[in-house]
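Reading through the structure tokens given below for one structure.
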Amino acid sequence: MPRAAGLGRAAALGPLLAAHVVAAIEPISVGIALGAASALTGYLSYTDLYCRFAECCREEQRLNASALKLELEEKLFGQHLATEVILKALTGFKNNKNPKKPLTLSLHGWAGTGKNFVSQIVAENLHSKGLKSNFVHLFVSTLHFPHEQHIKLYQDQLQGWIRGNVSACASSVFIFDEMDKLHPGVIDAIKPFLDYYEQVDGVSYRKAIFMFLSNAGGDLITKTALDFWRAGRKREDIQLKDLEPVLSVGVFNNKHSGLWRSGLIDRNLIDYFIPFLPLEYKHVKMCVRAEMRARGSAVDEDIVTRVAEEMTFFPKGEKIYSDKGCKTVQSRLDFH
């Protein structure tokens, strides 16, 4: 967050200039302190030794698909589609030594269904420091692009920021949260970076990853899930083909999606539109148990039930889905 907060020209240049200064000074100081150790061990390269004390961009580092799969299955509840698509998309992309374009994922669904949680899991599996990594960049629309009259300025700043960071690390990750609150046109500034170009102004963006998080399309996803439920079909029967075409058209025609009439959709530059299904009562209970374990507490089923029953559910008649997903589980658990 702090890295993205300074999107002004000076702020955007500051970290880049600082990085050059650090790169010029740190190798010398580290070399003096650790040169003898490197000489004695013999088997460690200078780069390996340096990267033990500072975060390095390891562009060729392979993704541990098994670890990612396990984490998604154990921590993400009720999202069979998101788990499957994200795992396959990331594994295929990271195993490809010469991708033709950056990987671009657009995550859609109501609040509290797991979009932010997934972006955190993905970041941690790509760069060890996760969202705190120098190579993972989070933008929040309402914080970093608040004023509609400054769209052109935001576009210029965004291009400069992405160009500078991909130049420093080809496998950089860029996460755009609250896309449904982003002013139309802002995101189209990065269209050249997502396209099938070998280089843009001498920089290759093909190994970068872009993730868009949005509530837009949540109504379309819920309608499909509800149709399946009313037809007596399991939510696990819902396939990507049942939702992806509807989502892409829906957000393209939605003025409040951040992708309204966007060239990113028009040019088919978003690789996957990933739906996050609304969460049921049983999924909320799973979230409560997981939060209790994360706090080091024993799972008390009475408390689990009380917290889950405090949630409100919709539609009004059936009351199947939590209207806030698992978003308020942590705060509600504080009262028990």
Side-chain angles (χ1 to χ4, degrees), residues 1 4 63-91 103-133 136-143 173-181 209-218 221-222 225 235 243 247 272-297 299 304 307-308 311 321-334:
M1 290 291 299
L63 174 72
N64 187 335
S66 297
L68 175 60
K69 181 175 185 291
L70 183 63
E71 193 166 8
L72 288 171
E73 290 177 346
E74 288 185 347
K75 297 180 179 180
L76 185 64
F77 307 121
Q79 304 297 354
H80 68 284
L81 282 176
T83 297
E84 178 185 2
V85 176
I86 288 170
L87 182 62
K88 288 183 177 179
L90 283 173
T91 302
L103 178 63
T104 308
L105 308 174
S106 194
L107 283 53
H108 297 266
W110 290 133
T113 52
K115 301 183 301 296
N116 288 91
F117 189 44
V118 162
S119 68
Q120 178 182 333
I121 291 174
V122 168
E124 290 170 351
N125 278 269
L126 293 172
H127 296 283
S128 60
K129 291 189 176 182
L131 294 177
K132 295 181 180 179
S133 169
V136 176
H137 311 279
L138 174 64
F139 299 93
V140 181
S141 297
T142 52
L143 176 63
V173 178
F174 300 93
I175 301 169
F176 293 81
D177 194 13
E178 297 185 346
M179 279 292 294
D180 49 299
K181 297 179 177 67
I209 294 176
F210 293 81
M211 298 179 68
F212 306 134
L213 281 53
S214 178
N215 289 352
I221 297 168
T222 297
R235 67 189 281 126
L243 280 166
L247 272 179
Y272 296 97
F273 289 86
I274 304 175
F276 281 68
L277 303 176
L279 298 183
E280 300 173 11
Y281 178 78
K282 62 181 179 182
H283 302 126
V284 173
K285 294 183 78 172
M286 292 178 182
C287 291
V288 179
R289 293 188 192 104
E291 178 62 21
M292 294 178 83
R293 294 190 194 99
R295 297 183 181 194
S297 304
V299 175
V304 170
V307 171
M311 300 292 192
Y321 305 120
S322 169
D323 62 357
K324 296 183 178 66
C326 285
K327 200 173 186 70
T328 60
V329 161
Q330 291 185 3
S331 59
R332 289 181 180 274
L333 193 55
D334 291 337

Can you sort out the partners of Ser119 under side chain to side chain donor-acceptor pair (under 3.5 Å), two or more places apart, ordered by chain and number?
none
Roughly how far, to the nearest 0.5 Å, is the CG atom of Leu138 from the CE atom of Met211?
10.5 Å
State which residues pass side chain to side chain donor-acceptor pair (under 3.5 Å) with Thr222; sequence neighbours excluded, sorted by chain then number.
Trp110
How far apart are the closest heavy atoms of Ser322 and Val284, and which atoms are they?
CB-CG2, 3.8 Å
Looking at Leu277 and Arg235, what are the two nearest heavy atoms and their distance?
CB-NH2, 3.1 Å
Would a 4.5 Å heavy-atom cut-off, applied to side chains only, mark Leu105 and Val122 as touching?
no
Can you sort out the partners of Thr104 under side chain to side chain donor-acceptor pair (under 3.5 Å), two or more places apart, ordered by chain and number?
none
Contacts of type salt bridge (charged side-chain N to carboxylate O under 4.0 Å, His left out), residue Glu124, not counting sequence neighbours
none
Looking at residues at least two apart in the chain, or sitting in another chain, which of them share a salt bridge (charged side-chain N to carboxylate O under 4.0 Å, His left out) with Lys129?
none
If every non-hydrogen atom of His283 is compared with every non-hydrogen atom of Cys326, which pair is closest and at what distance?
O-SG, 4.0 Å
What's the shortest heavy-atom distance between Leu247 and Ile274, and which atoms?
CD1-C, 4.4 Å
Sequence-distant partners of Phe176, ring-ring contact (aromatic ring centres under 6.0 Å, His included), two or more places apart
Phe139, Phe212
Minimum heavy-atom distance Leu243-Ile221, with the two atoms named
CD2-CA, 3.8 Å
Give every donor-acceptor pair under 3.5 Å between a side-chain atom in residues 81-88 and any protein atom, sequence neighbours left out.
{"from": "Thr83", "atom 1": "OG1", "to": "Gln79", "atom 2": "O", "distance (Å)": "3.0"}
{"from": "Glu84", "atom 1": "OE2", "to": "Lys88", "atom 2": "NZ", "distance (Å)": "3.2"}

Looking only at heavy atoms, the pair that brings Ala65 and Thr91 closest together is CB-OG1, 3.7 Å
Could I get the full list of side chain to side chain donor-acceptor pair (under 3.5 Å) partners for Thr142, not counting sequence neighbours?
Glu178
Within a strict 4.5 Å, meaning less than it, do heavy atoms of the Lys181 and Val140 side chains meet?
no
Separation between OH (Tyr281) and CE (Met311), nearest 0.5 Å, reads 11.0 Å
Listed partners of Ser214 passing side chain to side chain contact (heavy atoms under 4.5 Å, CB included), at least two apart:
His108, Met179, Asp180, Ala216
Taking only residues two or more places apart in sequence, or in another chain, which ones meet Glu71 in a salt bridge (charged side-chain N to carboxylate O under 4.0 Å, His left out)?
Lys75
Check this for me: Lys285, atom NZ, are more than 12 non-hydrogen atoms of other residues, nucleotides or ligands nearer than 6.0 Å?
yes
Is there a side-chain contact between Leu126 and Val136, using heavy atoms and a 4.5 Å cut-off?
no
What residues form a ring-ring contact (aromatic ring centres under 6.0 Å, His included) with Phe276, not counting sequence neighbours?
none
Yes or no on side chain to side chain contact (heavy atoms under 4.5 Å, CB included) for Leu90 and Ile209, after CA distance, side-chain angles and deciding distance?
CA-CA 9 Å; Leu90 283 173; Ile209 294 176; 3.8 Å; yes
Value for CD (Glu74) from NZ (Lys69), rounded to nearest 0.5 Å, stands at 10.0 Å
With sequence neighbours left out, write down each residue that passes side chain to side chain contact (heavy atoms under 4.5 Å, CB included) with Ser66, or none if nothing qualifies.
Asn64
Once you round to the nearest 0.5 Å, how far does CG of Asp177 lie from CG of Asn116?
4.5 Å
Step-by-step side chain to side chain contact (heavy atoms under 4.5 Å, CB included) determination, Val329 to Lys324:
CA-CA 9 Å; Val329 161; Lys324 296 183 178 66; over 6 Å; no
